[in-house]
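One structure below.
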Amino acid sequence: MEKMQNTICVFGLSYGDEGKGKITDYLAQKSDIVVRFNGGNNAGHTINADGIKYKFKLMPSGAVLEKEVIIANGVVIDPKVLLDEMETLKKLKKKIKLKISSTAHVIFPFHIKLDELEELKKGKYKAGTTKRGIGPTYSDKAARWGIRVFDLIHPEILKIKLNNLYSIKKDLIRVYEPDWDVDISQIYEDYVEYGKILKPHVIDTAFYLNKAIDSGKKVVFEAAQGNLLCIDHGFYPHGTSSNSNSLGISAGTGVPPKKIGKIIGIIKAYTSRVGEGKLTTELFDEIATQIREQGHEYGTVTGRPRRVGWIDLFNIKYGIMINGVDKIVITLLDALEGINPIKMCVGYTRNGKKLDSWPIHPEIIEECNPIYEEFEGWESRTPEEWARIASVGYEALPKTMKTYLDAIKEKLQTEIAIISIGPDRTDTIVLDPSIF
Ligand code: GDP
Ligand code: IMO
Ligand code: MG
């Protein structure tokens, strides 16, 4: 079977928030279907288009353009959050063409409670989670007592599974909080109601997607989080609980690897991270404040100020290898305006020795120092000026920015497909028009 050319994966090469929402929406213009395949409402994907700012936690970003959107089996779903997002879209008079996998797992209030409590016990190994119940829900999936969307739309099955799960979770939570309880019959009633509303959207999305791809439909796979938060290949335990990169697509959708076409990794012009864990290139001075303000680096889900640092090509290179990235997208270049010089991490040393590859384990990463190269920055501009530059194209970019981009391309040995110099859909420069 030939590699499919009508599918594309968009994922973040760093710690999340690289601009997946913006780029997915951009590519959705030329696509039929957009699919979320991992994570849950720990994600916050922003799209700025037609004067409106959309923030999605579960809804695939294709919803803005009224494309078909699929929440596949690899996602964990808090039904209340999804219904709220559907309501918001309805108020904006958007047509919702949503399909939900019957095998996706469901988040319950006790998962959220456990997420909070488990973090308290983890000490320096806590991830600083979004407290949305993501980890405990994936744990239940792996332990095989999780509750799936199929169960949600079958009240008689839900009743048995929920009561069973509640009895287990109650005992567990009471180890931490002896007086804890919830009204489980109320939760059951609420979830039966959610199930009733969502039922018309529930199908076997693996079957549907494979048929759609085989018939030539164009599909964007939109990852949540970022490669460095991946449960298997990222920072463990300071990451998330799913394969938050292109590796999650097949397991998270039922679409075989051979049908996955282009793999597009997004990087920011610098690095940001929310939550715990070492950020090797982290900045703490006034440059950090400047980048944070210029890039509006505050969490979409929790509102937490994001930690920021220089771009880290060493860990990005590792992600390019793991994911087989075809091309990269660089976002938030405008947010580095007025900063001079700009530093770029091109490798790590440990005990004075240069490392061959990103060292994976947080305990080792703690002992590493970044090797920097310096680049001349570019001047500040108004958003209107950036928008005008985007409308002209690559040649209008500041010369120093082009030098910075050339260095990234050369050091990563990977071509750049798209450049983003502002939050709006139109603040985008496509270098490879054949990208999708
Ligand atoms: P995601 O989780 O990867 O979808 O990213 P988020 O939406 O959480 O965070 C990215 C933020 O940067 C959002 O506020 C976007 O609107 C914004 N953004 C994306 N690309 C650009 C860009 O090129 N320039 C600027 N200034 N903002 C951008
Ligand atoms: P998007 O899709 C940035 C981080 C949390 C925490 C760790 C584990 O918007 O890029 P979790 O709640 O998943 O158990 O938290 O992962 N995290 C994210 N950071 N962007 C995200 O999503 C994230 N989703 C989770 O801050 O450190
Ligand atoms: Mg985000």
Side-chain angles (χ1 to χ4, degrees), residues 10-26 36 38-49 53-58 60-61 75-76 78 107 111-112 114-116 118-119 122 126-139 222-231 234-242 244-245 266-277 279 291 293-304 306-307 329-337 381 383 386-387 389-390 418-429:
V10 173
F11 79 101
L13 271 161
S14 302
Y15 305 92
D17 306 324
E18 298 89 349
K20 297 174 294 292
K22 168 173 172 165
I23 300 303
T24 301
D25 165 77
Y26 191 86
R36 271 279 306 271
N38 80 294
N41 57 314
N42 47 350
H45 294 187
T46 317
I47 298 130
N48 285 263
K53 188 175 194 168
Y54 302 84
K55 287 182 178 197
F56 293 140
K57 295 167 184 162
L58 276 166
S61 296
V75 176
V76 286
D78 185 326
I107 301 177
H111 291 124
I112 298 167
L114 274 169
D115 197 352
E116 281 171 23
E118 287 172 358
E119 281 274 282
K122 289 184 174 170
K126 74 172 185 189
T129 74
T130 57
K131 299 196 174 82
R132 298 304 190 262
I134 306 298
T137 307
Y138 277 116
S139 302
E222 175 186 15
Q225 291 79 56
N227 184 62
L228 294 168
L229 298 176
C230 171
I231 181 87
F235 266 82
Y236 187 91
H238 300 113
T240 192
S241 303
S242 65
S244 46
N245 46 24
I266 310 183
I267 58 181
K268 276 183 174 168
Y270 50 92
T271 310
S272 71
R273 182 169 195 175
V274 252
E276 304 295 322
L279 182 54
I291 296 177
E293 295 310 315
Q294 292 179 177
H296 305 288
E297 293 293 355
Y298 294 89
T300 312
V301 174
T302 57
R304 289 179 287 181
R306 294 178 184 147
R307 300 153 65 195
V329 172
I330 306 183
T331 59
L332 286 128
L333 282 151
D334 55 304
L336 280 186
E337 63 185 8
R381 287 165 173 79
W386 284 115
I389 290 174
I418 298 174
I419 290 166
S420 173
I421 52 171
D424 201 83
R425 188 190 285 151
T426 53
D427 300 326
T428 312
I429 299 174

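Each residue takes its place number in the sequence, starting with 1. Every number for a ligand or one of its atoms is a count from 1 in the order of the listing. Computed from a predicted model, the values in this text were never measured in an experiment.
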Quick one: which of Gly239, Gly12, Gly135 has a heavy atom closest to atom 8 (C) of ligand 2?
Gly239
Measure from atom 6 (C) of ligand 2 to every heavy atom in Gly128, Gly275, Ser244, Ala223 and give the option owning the shortest one.
Gly128
Give me the atom names and distance for the closest heavy-atom approach of Thr428 to Arg425.
OG1-O, 2.7 Å
Can you find an N/O atom of Asp115 closer than 3.5 Å to an N/O atom of ligand 2?
no
Everything protein-side that's N, O or S and under 2.8 Å from the Mg ion (ligand 3): list it, residue and atom.
Asp17 OD1, Gly44 O
Interatomic distance, Asn38 atom CG to Glu222 atom CD [nearest 0.5 angstrom]:
9.5 Å
Close approach of Arg304 to ligand 2, heavy atoms, under 4.0 angstrom
yes
The answer for which part of Thr46 has a heavy atom under 4.0 Å from ligand 1 is both
Please determine if Arg307 forms a cation-pi arrangement with Tyr15, meaning its NZ or CZ atom is less than 6.0 Å from the six-membered ring centre and no more than 45° off the ring axis.
no
Ligand 2 to Lys20, heavy atom cutoff 4.0 Å, flagged ligand atoms 1 (P), 2 (O), 10 (O)
Pick whichever of Gly422, Ala335, Gly226, Gly44 has a heavy atom sitting closest to atom 2 (O) of ligand 1.
Gly44
Got the closest protein heavy atom to atom 26 (N) of ligand 1, with its distance?
Asp334 OD2, 2.7 Å
Looking only at N/O atoms, are Glu18 and ligand 1 under 3.5 Å apart anywhere?
yes
Which is it for His45 and ligand 2 at heavy atoms under 4.0 Å: side chain, backbone, both or neither?
side chain
Do Asp78 and Arg132 sit within salt-bridge range, that is, some charged N less than 4.0 Å from a carboxylate O?
no
Test item: Thr46 side-chain N/O and Lys55 main-chain N/O as donor-acceptor pair under 3.5 Å
no
Quick one: does Ser241 get an N or O within less than 3.5 Å of an N or O on ligand 2?
no
Examine Gly16 against ligand 2 and note whether any of their N/O atoms are separated by less than 3.5 Å.
no
Who's the nearest protein heavy-atom neighbour of atom 10 (C) of ligand 1, and how far?
Asp17 O, 3.7 Å
Within the 4.0 Å heavy-atom cut-off, what Glu297 brings close to ligand 1 is neither
Taking atom 4 (C) of ligand 2 as the point of reference, which of Thr302, Thr240, Leu229 owns the nearest heavy atom?
Leu229
To which protein heavy atom is atom 23 (O) of ligand 1 closest, and what is the distance rounded to 0.1 Å?
Ser420 OG, 2.5 Å
In ligand 1, the atoms that come under 4.0 Å of a heavy atom of His45 are 1 (P), 2 (O), 4 (O), 7 (O)
Give a yes/no verdict on whether any heavy atom in Gly226 is under 4.0 Å from an atom of ligand 2.
no
With heavy-atom distances below 4.0 Å as the criterion, list the atoms of ligand 2 near Asp17.
1 (P), 3 (C), 9 (O), 10 (O), 20 (N)
Say whether Ala224, considering both its backbone and side-chain N or O atoms, lies within less than 3.5 Å of an N or O atom on ligand 2.
no
Could you check atom 27 (N) of ligand 1 against the protein and tell me its nearest heavy-atom contact, residue, atom and distance included?
Leu332 CD2, 3.4 Å
Nearest-contact summary for atom 19 (C) of ligand 1 - protein heavy atom, Å:
Lys22 CD, 4.0 Å
Looking at ligand 1, does any of its N/O atoms fall within less than 3.5 Å of an N/O of Gly19?
yes
Electrostatic pair Glu276-Lys122, nearest N-O below 4.0 angstrom:
no
Thr129 N/O to ligand 2 N/O under 3.5 Å:
no
Mark the output for His296 as yes if a heavy-atom distance to ligand 1 is under 4.0 Å, and as no if none is.
no
To the nearest 0.5 Å, how far apart are CG in Asp115 and OG1 in Thr137?
8.0 Å
Check ligand 1 against Gly21 and write out every atom of the ligand that is under 4.0 Å from a heavy-atom position of the residue.
4 (O)
Any non-hydrogen atom of Arg306 lying under 4.0 Å from ligand 1?
yes
Among all protein non-hydrogen atoms, which one is nearest to atom 18 (N) of ligand 1, and what is the separation to 0.1 Å?
Pro423 CA, 4.0 Å
Close approach, Ala127 and ligand 2, non-hydrogen under 4.0 angstrom
yes
State the atoms of ligand 2, each with its element, that fall below the 4.0 Å cut-off from a heavy-atom position in Ala43.
1 (P), 2 (O), 9 (O), 22 (O)
Need the ligand 1 atom indices (1-based, order shown) with element for anything under 4.0 Å from a heavy-atom of Asn48.
16 (O)
Does Gln225 have a heavy atom less than 4.0 Å from any atom of ligand 2?
yes
Atom CZ of Arg306 and atom CG of Leu279: how far apart are they, to the nearest 0.5 Å?
13.0 Å
Close N or O approach (Glu18, ligand 2; < 3.5 Å):
no
Any N/O pair Ile134/ligand 2 closer than 3.5 Å:
no
